[in-house]
Amino acid sequence: MARQKVIGGDPADSGSGGGGKSLPPGPPSGDFAGGFVPDDRQFDEELRPQRLADVIGQRKVVNRVRIMLDAAIKRAEPLGHLLLDGPPGLGKTTIAMVLAREMGTECQITSGPVLKAPKDLLPYLTNASGGSFLFIDEIHRLPPAVEEFIYPVMEDFRVDIVLGEGLSARTINMALKPFTIIGATTRSGLLTAPLRDRFTFREHLDFYEERELVEIIVRNGRKLRTSINEETAHNIAIRARGTPRKANNLLRWARDYATIHHDQGEINGEIIQAALEMLEIDHLGLEAMDRRYLQTLVTVFSGGPAGLQAIGHTMNVAPDTLEDEIEPFLLRCGFIQRTPRGRVITAAGVEHLGGAAGGRDGRRLF
Ligand code: ADP
């Protein structure tokens with residue numbers, strides 16, 4: 001689902017449920033063609049924390065962001081431009097939306113790859129009201145021409161528009177109302193230094209601890225009108241790969257499973273075990289795709305080192321997807337290493353694969 005929706009920021013609108021009001025008509029919908037495929041994100045909305053106080057985990061980030069926010073509100077100034085970086089599903093969009101709500105301002109949403117030329121960005125800039133937010137997801141994928149166009153926007157709230165071509169070309173400047181750009185990236189390393197430096201604040205989101213995920217699962221179980229105790233929530237949390245998005249998706253799956261197989265709203269230990277088994281998620285949270293990655297390294301590349309592109313081609317998966325979605329977790333588990341010569345499977349990775357496949361001792365891991 002296209003995420004161009006603008007969320008509103010009525011500070012009185014606290015608590016669960018309401019996704020906020022829609023403010024200015026988003027820029028032309030054509031801008032989003034191919035931007036976002038339908039995915040879990042539309043369901044994310046109902047579980048997204050609405051206020052800063054509802055955000056579980058990321059304590060240090062939340063504490064710093066609270067100060068930026070309160071200071072901006074106190075001085076009645078727009079928030080400084082903020083860059084959020086970290087793996088997918090950790091809460092970058094959530095924090096941007098929560099901040100907009102807390103500031104009582106609107107938030108337009110777009111993404112680097114859909115802003116193909118400066119003219120694609122222009123409607124967002126002219127729509128931006130004073131103090132509002134423009135959230136740019138995957139900002140590392142902004143084309144260079146758009147990136148250069150955004151520099152004077154971030155620095156002076158000005159756009160330079162070139163009219164005509166060749167000798168008759170002239171530049172006109174247009175003043176914008178001061179507003180805030182919130183950039184989100186899974187690869188801050190790919191951001192150019194000039195762009196990175198134009199952000200007043202930079203925050204890095206890290207993987208969640210298990211107890212934080214348990215808290216999120218129990219709370220979201222209530223929001224979904226499903227009862228789940230802490231022990232069962234823990235069973236989900238250890239497979240959630242450190243991300244709330246995964247935890248939410250597993251919770252939803254377990255709820256569906258309980259509805260269909262047990263006709264009940266309670267998720268107990270037995271249900272969770274069967275539901276996760278059906279998803280082929282093992283006891284550490286590895287999914288079929290993760291195991292296929294490890295298997296490819298072993299069988300095709302003799303354990304490595306192997307280049308990311310080569311692994312991607314063999315698996316028929318985009319290297320970007322491997323790097324963003326698969327590798328961070330395998331690295332965290334210590335199952336692969338990234339060396340200058342390529343990816344290498346570790347002894348622990350080989351051992352896990354053996355177990356997961358029902359290896360020598362026939363032990364199954366899920
Ligand atoms: P990102 O933008 O980093 O990919 P999102 O902000 O879309 O991640 O978060 C994915 C989902 O995870 C959200 O819909 C929300 O339900 C949940 N979530 C994220 N951060 C938190 C948090 N700190 N507390 C509770 N739920 C969270």
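Nothing here was measured: the structure is a model prediction, and the numbers come from that model. Counting starts at 1 for both ligands and their atoms, following the listed order.
Using a 4.0 Å cut-off between charged nitrogen and carboxylate oxygen, Asp70 and Arg75 do not count as a salt-bridge pair. Salt bridge present: Arg338 and Glu323 bring a charged side-chain N and a carboxylate O closer than 4.0 Å. Here Glu287 does not pair with Arg239 in a salt bridge; the nearest charged N to carboxylate O distance is not below 4.0 Å.
Cation-pi geometry between Arg64 and Phe201 is not met at under 6.0 angstrom from the ring centre and within 45 degrees of the axis. A cation-pi contact, defined as under 6.0 Å to the ring centre and within 45° of the axis, links Arg198 to Tyr151.
Residue contacts with ligand 1 for Pro49 involve side-chain atoms from C-beta outward but no N, CA, C or O (heavy atoms, distance under 4.0 Å). With a 4.0 Å heavy-atom cut-off, ligand 1 is reached by the side chain of Asn248 but not by its N, CA, C or O.
Counting the atoms of ligand 1 from 1 in the order shown, those under 4.0 Å from a heavy atom of Tyr208 are 20 (N), 21 (C), 22 (C), 23 (N). Here is the list of ligand 1 atoms found below 4.0 Å of a heavy atom in Leu47: 16 (O). Taking a cut-off of under 4.0 Å to the non-hydrogen atoms of Ile56, the atoms of ligand 1 that pass are 22 (C), 23 (N), 24 (N).
Closest heavy-atom approach to atom 13 (C) of ligand 1 among the candidates Asp324, Thr94, Asp54: Thr94. The closest non-hydrogen atom to atom 5 (P) of ligand 1, taken over Lys223, Arg48, Arg219, Arg59, comes from Arg48.
Checking only distances, Ile216 never comes within under 3.5 Å of ligand 1, N or O to N or O. Below 3.5 Å of separation, one finds an N or O of Gly89 facing an N or O of ligand 1. An N or O contact shorter than 3.5 Å is missing between Val55 and ligand 1 by distance.
Tyr257 contributes atom OH, which lies 14.5 Å from atom CG of Leu250 (distance to the nearest 0.5 angstrom).
Ligand 1 has Pro88 within reach: a non-hydrogen atom of the residue lies less than 4.0 Å from it.
When the options Leu330, Leu213, Asp290 are evaluated for a side-chain contact (heavy atoms from CB on, under 4.5 Å) with Arg241, the one that passes is Asp290. The side-chain contact (heavy atoms from CB on, under 4.5 Å) with Phe335 is formed by just one residue from the set His352, Arg291, Glu327; it is His352.
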